Amino acid sequence: SSPEKKRTYIVHMAKSQMPASFDDHTRWYDSSLKSVSDSAELLYTYTNAIHGFSTRLTPEEAELLGNLPGIVSVLPELKYELH
Amino acid sequence: TTRTPEFLGLEKSADLFPESDSVSEVIVGVLDTGVWPESKSFDHTGLGPVPSNWRGECEFGTNFSSSNCNRKLIGARYFSRGYEAVLGPIDESTESKSPRDDDGHGTHTASTAAGSAVSGASLFGYASGKARGMATRARVAVYKVCWIGGCFSSDILAAIDKAIGDNVNVLSMSLGGGTSDYYRDSVAIGAFAAAEKGILVSCSAGNAGPSPYSLSNVAPWITTVGAGTLDRDFPAYVSLGNGLNISGVSLYRGDAFPNKMLPFVYAGNASNATNGNLCMIDTLIPEKVSGKIVLCDRGVSARVQKGAVVKAAGGAGMVLANTAANGEELVADAHLLPATAVGQKSGDVIKSYLFSDPNPTATILFEGTKVGIEPSPVVAAFSSRGPNSITPEILKPDVIAPGVNIIAGWSGSLGPTGLSTDMRRVGFNIISGTSMSCPHVSGLAALLKAAHPQWSPAALRSALMTTAYTQYKNGQSIQDVASGRPSTPFDHGAGHVDPAAALNPGLVYDLDVADYLGFLCALNYTSAQINMVARRNFTCDPAKKYSLTDLNYPSFSVPLQTAQSDSGSTVLKYSRTLTNVGSPGTYKVSVNLKSEAVKVSVEPKSLSFSELNEKKSYTVTFTANLMPSNTVSFGHIEWSEGTHVVRSPIAISWT
């Protein structure tokens, strides 16, 4: 319940909306992330399965990120189990 | 795995399957707990160079390096950033920060799908024989995503991302995460991208059966696999002091008590805990169980853990009784003390004896391995069941495959029970779950892919589904062990896989990305939600009618509302397109549906195919009367030209 408590989010990006000033989508992802959190880092950048990345954010940071241009969604990750 | 190759007809039909060269071009990616590379199942003898299109790697880490890969195990990666972000740095003294499997599950699933043949395999002599994966010549690439603390979707998505880039042909995922919309489910999302690249994704249906609506991994671009039994058993009888012999199963090997009757006690009467009957840790009173056989009820804690608890309290043996949750399903375990598992009815008989005799006694007789058990297969009680809670119009599971008491490769890090107190080490272990049935289908898909490299993942799945069987050789329907009655398409999907028949299905129901995008439109997904699943800007055409019933799926699920129509009847139309993958021929339709409440008509009633890959469409009209909630009807639609039978299950349900 702490506002500072971070959790992992999977961030889907609209690759077609990448600003022309970026020549690499990873830099765009990182720039978007840094605009809402100085400390957050990319856990993974995804290329084939989705366009986007995963990172650790507070709920407030996640909400801010979700409002940025080019962000399709910011969804908390889920835990899976072996069958 | 032993026995399943024979049970599936792979040995008898070996001539039908593709040449080894083509199979060795197929790469099966397995997302799981990693791999024990020293397992004989990953011996690469006889395999040529790795496929030239392979882009994967053998990653370095704890007790693992590139030298652990070979021409069989061609790739091994691990994904722990998401896990460590949540739970902190991996303690490398307890789990390997590398592709190495410290659990056994990943080695088991990978070797089941595509392990090399290993002669003389067994678990303590049980299930002995030549163990082999389904596709012995296919290559294996493992992606470790599950750790002691679980499997996190950021890691799973990263693994799928890499597997696609590495150029795997089949992805096997024996894991799940409950039921969430496709756009929230990383497995569904990753599987969509994989399917688009021509990768067949096979997933376990889950072990939440026999409850309805208990399925995982229900996206229509995933092949969802439930579990059935083999014709093999490991009998271990309980002989009671009153002369009764009770059937059970066990994989115990060690000192038993031949011909010696021991005092017998119910755990619930040897504990001060309210749940003492469950033999949870530290709940048994040693003075009351010492030197005795203890009857424990199944549930809450691991079955083998209960054995360890009895042993720690000084018990001489254990009888593990199913409760209503498991019914008569018997799952064998390599217990640490003489123990056997019995069904609920047998458990009740034993309890009746225990509660009525002032000095009850028993012994356990271990009989080893028996094959030829009938009926088989039966649907496992634990196998998750439909209806599909996300999209009721898509019938799931798709098929069932062997998933009970499956022997396959194991990790050298832990014993067969997985308990920390189990110091035994085995090359092969026998375990159960839809985790075990999934890689069977993954390996079979690899064989089909080698035989038909041009077929899409949907076509490969269609071949497996439309040729699956739902009856035993004597004509009786496949049974559900949970109910003791014939299983339904909500339990077994299209039926039990028959790989030899799947090689030559005659016709297939094909699907491509455009179909799946139309499916997402039919779900009324927003553009953002479609983008999350399909990685593209896609706008549904407002002028186009999208219908869930028109997805070209090889099965029919017809969900009806009890208050759908004032007139008391509902008319639903389903359209399908068949693609000829065999010889020219005229196929005629037949419908089998045992229901007074529903009428089914198919138009046209015959389809003539003159060319390979020719497509013909048909429409099925279901006219259903109003029925009480929870009413169900089942049947099938068959197309046949006399040689091939292309069968689709029908499941109708009123809610």
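Treat the numbers as computed from the prediction; the structure is a model and nothing was measured. Computed from heavy atoms alone, side chains included, the values below leave out hydrogens, waters and symmetry copies. By convention in this document, chain letters (A, B, ...) are assigned in the order of the sequence lines, proteins followed by strands, and residues within each chain are numbered from 1.
For S384(B), no part sits under 4.5 Å from any heavy atom of chain A, backbone or side chain. Only the side chain of I10(A) comes within less than 4.5 Å of a heavy atom of chain B; its backbone N, CA, C and O stay farther away. Neither the backbone nor the side chain of S437(B) comes within contact range of chain A, judged by heavy atoms closer than 4.5 Å. Both the backbone and the side chain of T47(A) come within less than 4.5 Å of a heavy atom in chain B. For D166(B), no part sits under 4.5 Å from any heavy atom of chain A, backbone or side chain. For a residue to count as touching a neighbouring chain, one of its non-hydrogen atoms must lie under 4.5 Å from one of that chain's; by this rule F79(B) touches chain A with backbone and side chain alike. For S80(B), the part sitting under 4.5 Å from any heavy atom of chain A is the backbone (N, CA, C, O) and nothing else. Heavy-atom distances place no part of V145(B) under 4.5 Å from chain A, backbone and side chain included. Interface residue H12(A): only side-chain heavy atoms are found under 4.5 Å from chain B.
The choice from G190(B), S174(B), A163(B) that makes the most heavy-atom pairs within less than 4.5 Å of chain A is S174(B). Listed options G433(B), S180(B), G206(B), G165(B) were ranked by heavy-atom pairs under 4.5 angstrom with chain A; first place goes to G206(B). Heavy-atom pairs under 4.5 Å with chain A peak, among A85(B), G106(B), A534(B), C438(B), at A85(B). For the options I189(B), D103(B), T109(B), heavy-atom pairs under 4.5 Å to chain A are most numerous at I189(B).
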Show me the side-chain donor-acceptor pairs of residues 21-28 of chain A shorter than 3.5 Å, one per line, residues at least two apart or across chains.
from, atom 1, to, atom 2, distance (Å)
D24(A), OD2, T26(A), N, 3.1
D24(A), OD2, R27(A), N, 3.2

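Scanning residues 67-78 of chain A against chain B with a 4.5 Å non-hydrogen threshold yields V72(A), S73(A), L75(A), E77(A), L78(A), sorted by number.
Looking at K79(A), its side chain does come within 3.5 Å of a backbone N or O of G149(B) through a donor-acceptor pair. No donor-acceptor distance shorter than 3.5 angstrom exists from the side chain of R535(B) to the backbone of I50(A), with no hydrogens or angles considered. Side chain of Y46(A) to backbone of S154(B): a donor-acceptor contact under 3.5 angstrom is found.
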>> Quick one, N531(B) with H51(A), criterion side-chain contact (heavy atoms from CB on, under 4.5 Å). Give me CA distance, side-chain angles, the key distance, then yes/no.
In response: CA-CA 9 Å; N531(B) 197 325; H51(A) 297 146; 5.6 Å; no

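A disulfide bond (SG atoms under 2.5 Å apart) check over residues 18-51 of chain A, counting only residues at least two apart or in different chains, returns nothing.
In this structure, N48(A) CG and E196(B) CD are separated by 10.5 Å, a value rounded to the nearest 0.5 Å.
Among all heavy-atom pairs drawn from L157(B) and A49(A), the shortest one is CD1-CB, 3.9 Å. The two atoms that bring S204(B) and H83(A) nearest to each other are OG-ND1, 2.5 Å, heavy atoms only.
Scored by the side chain to side chain donor-acceptor pair (under 3.5 Å) test, E81(A) finds no partners at all (sequence neighbours excluded).
Side-chain contact of D185(B) with Y80(A): a donor-acceptor pair under 3.5 Å is present, judged by distance alone. Using a 3.5 Å distance cut-off with no hydrogens or angles, the side chains of Y44(A) and D161(B) do not pair a donor with an acceptor.
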